[in-house]
Number of protein chains: 2
Amino acid sequence: MTPWLDAAQQRSWRALVEGAGSLLARLDKHLRDSHGLTLAEYEILVHLSESHLHMSELAAQVSHSRARVTQTVDRLVRAGLVERSPCPQDRRGVHAALTGTGRVRLEAAARDHVLEVRRLAVDVLDPDELTAVGTAMAKIRTVAQD
Amino acid sequence: MTPWLDAAQQRSWRALVEGAGSLLARLDKHLRDSHGLTLAEYEILVHLSESHLHMSELAAQVSHSRARVTQTVDRLVRAGLVERSPCPQDRRGVHAALTGTGRVRLEAAARDHVLEVRRLAVDVLDPDELTAVGTAMAKIRTVAQD
DNA sequence: CGCCACTTGTTGACATGACAACTACACCGG
DNA sequence: CCGGTGTAGTTGTCATGTCAACAAGTGGCG
C-alpha cells in the first residue's frame, strides 16, 4: 500500500535532491575558499546588511536554531565583521549589526558569490525555467520550513 | 561591472537556495527521528541496494569525499546494515554490500521516506511543475557536480 | 626487475552543526 | 508586589563533515 513514485517522478525527485545538495555544497566551498566565509555566515551577513536585528529575528529569518546563530555570530564577532550590543528595551535581547569592515567584506564576497550563482544556476537555465524553479521551490519552502 | 541579478531573478534565486536548504534539513531530520538514519547514510544504503560497490565508486555516486564515505560506512557496519569485504582483483579496494538486516531497515525507511518526499515536494507541485524542476535541477547538478 | 607516480582507503585534527540544560529577564494574573 | 510561566541568549556535549597526511597497493617504463 505504499504510494511509490513512478519512474518519471523518481527521476525528477533524485535530480532535485542531488542538485540541491551539490548546489549548496558548491556555494559553501566557493565562499570558504575565496572569502573565508561559511554559507551560513554569509547568509547572516546578508540579512544584517538589510537591517540590524535581534538574535532571534535573525534566527527566524535564516531558519536556523538560536544556538546555531549564537555560534555563527560568535565567529563573525571574533573576525570583526559584526558587533553585538545589548538591547535597552529588552535586557534579555542582543542587537547584532554589521561593522564597517563587515560591510566591506560582505560586498566583496557578494560580488564574487553572484558570479558563482550565475555560473551554477542562473546561466544554466532559460529565464522562464528559472522563474518556474523559483515558484516551485517557494512552495516547497513554505511546506518544509515550519 | 558587477552583473547583479534583477529583482525577479533575486526572488527566484533566494527561493531556490532557501527551499533547497529547508528541504534537505527536513528530510534529514525525518530520517533521523523515525529511523535513526542520516540522510547521507540513507543515500549510501540506496546506492548499495542497487549494486555492490567499491568505496570509491560509492563516493562518486553520492558525490561525497572518500573520507566521508569511509566514516559513514563505518557507522553502517557498526549498526550491522552493511558488510565490508576485501576485493580480490585489487587488494587496495574494499567491497561494500548490504546485509539482510540492512535491506530490511532500508525498505522500512524508504517506505516512510517516500511519504515525506510526497508531503514536502511531489504533492505540493503540479505534475508538470515537478518535471520542470527535475530537468532544471538536473542541469544544475551537472554544472555543480564535478 | 626496480623505480616512480598514481590510486585506494583510512586516520587524526579540527570546524561546524544539533540538542538539551541553563541563566537572566519579561510579563501576566493574583 | 509576587510567583509562575514563557522567552532570549548562551553554554556544553556529542555527532558529523572537512582536510591533509598517511600506508598499502597498482601499473607503466627505464
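Proteins come first, then strands; the chains are lettered A, B, ... in the order of their sequence lines, and each starts at number 1. Nothing here was measured: the structure is a model prediction, and the numbers come from that model.
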Q: I want to confirm an ordering. Mapping R84(A) and P88(B) to their closest nucleotides on DNA chain D, which one lands closer to the 5' end?
A: R84(A)
Q: Consider the side chain of T70(B), meaning its heavy atoms from C-beta on, and name the nucleotide among dT10(C), dC25(C), dT11(D) that approaches it most closely.
A: dT10(C)
Q: Is a donor-acceptor pair below 3.5 Å formed from side chain R66(A) to base dA8(D), judging by atom type as modelled?
A: yes
Q: Once you round to the nearest 0.5 Å, how far does CZ of R11(A) lie from CG of L130(B)?
A: 11.0 Å
Q: Can you check the H95(B) NE2 to dT8(C) P distance for me, whole Å?
A: 15 Å
Q: Could you check whether S56(A) gets within reach of a base, just the sugar-phosphate, or nothing at all, counting any heavy atom under 4.0 Å?
A: sugar-phosphate
Q: Can you tell me which nucleotide in dT10(C), dG25(D), dG12(D) comes closest to the side chain of D90(B)?
A: dG25(D)
Q: So does T72(B) get a side-chain nitrogen or oxygen closer than 4.0 Å to the phosphate oxygens (OP1/OP2) of dT16(D)?
A: no
Q: Of the listed nucleotides (dG17(C), dT18(D), dG17(D)), which one gets closest to any side-chain atom of A40(B)?
A: dG17(D)
Q: Starting the side chain at C-beta, find the nucleotide from dG12(D), dG9(D), dT16(C) nearest to H54(A).
A: dG9(D)
Q: Does dA26(C) have OP1 or OP2 under 4.0 Å away from a side-chain N or O of R91(A)?
A: yes
Q: How many angstroms lie between atom NE2 of H30(B) and atom CG of L120(B), to the nearest 0.5 angstrom?
A: 8.5 Å
Q: Under the 3.5 Å rule, do the base of dG17(C) and the side chain of R68(A) count as making a donor-acceptor pair?
A: no
Q: For G93(A) and T38(B), take the nucleotide of DNA chain D holding the closest heavy atom to each; which residue's nucleotide lies nearer the 5' end?
A: G93(A)
Q: In whole angstrom, give the distance that lies between atom CD of E57(B) and atom P of dT7(C).
A: 15 Å
Q: Could you tell me how far apart M55(B) (CE) and dT10(C) (C1') are, to the nearest whole angstrom?
A: 9 Å
Q: Picking from dG9(C), dC25(C), dC19(D), which would you name as closest to the side chain of K29(A)?
A: dC19(D)
Q: Between dG12(D) atom P and D74(A) atom CG, what is the distance in whole Å?
A: 11 Å
Q: What does H64(A) touch in the nucleic acid at a heavy-atom separation under 4.0 angstrom: a base, only the sugar-phosphate, or nothing?
A: nothing
Q: Nearest-Å distance, CG (L76(B)) to P (dT16(D))?
A: 10 Å
Q: Hey, could you give me the CE/OG1 distance between M55(B) and T72(B), rounded to the nearest 0.5 Å?
A: 8.5 Å
Q: Would you say the base of dT26(D) and the side-chain of R92(B) have a donor-acceptor pair closer than 3.5 Å?
A: no
Q: Taking only N and O in the side chain of R32(B), is any of them less than 4.0 Å away from OP1 or OP2 of dT16(D)?
A: yes
Q: Is it possible for you to say whether V104(B) and L98(B) belong to one hydrophobic cluster, with membership spreading through side-chain heavy-atom contacts below 4.5 Å?
A: no
Q: For a quick check of understanding: with a heavy-atom distance under 4.0 Å over all strands, which category does A67(B) fall into, base, sugar-phosphate or nothing?
A: base
Q: Given dG17(C), is OP1 or OP2 found less than 4.0 Å from the side-chain N or O atoms of S65(A)?
A: no
Q: Whole-Å distance between dT10(C) C1' and Q71(B) CD?
A: 9 Å
Q: Under a 3.5 Å distance rule, please check whether T135(A) uses its side chain to pair with a backbone N or O of A132(A) as donor and acceptor.
A: yes
Q: Rounded to the Å, how far apart are I44(A) CD1 and dG9(D) P?
A: 12 Å
Q: Taking CG from D28(A) and C1' from dG17(C), how many angstroms apart are they, rounded to a whole number?
A: 12 Å
Q: Parallel, tilted or perpendicular for H113(A) and Y42(A), by the 30°/60° rule?
A: tilted
Q: Can any side-chain N or O of D6(A) pair as donor or acceptor with the backbone N or O of A8(A) at less than 3.5 Å?
A: yes
Q: Counting only side-chain nitrogens and oxygens, does R75(B) get under 4.0 Å of the OP1 or OP2 atom of dT16(D)?
A: yes
Q: Between Q89(A) and E41(A), just flag the one whose closest nucleotide in DNA chain C comes earlier from the 5' side.
A: E41(A)
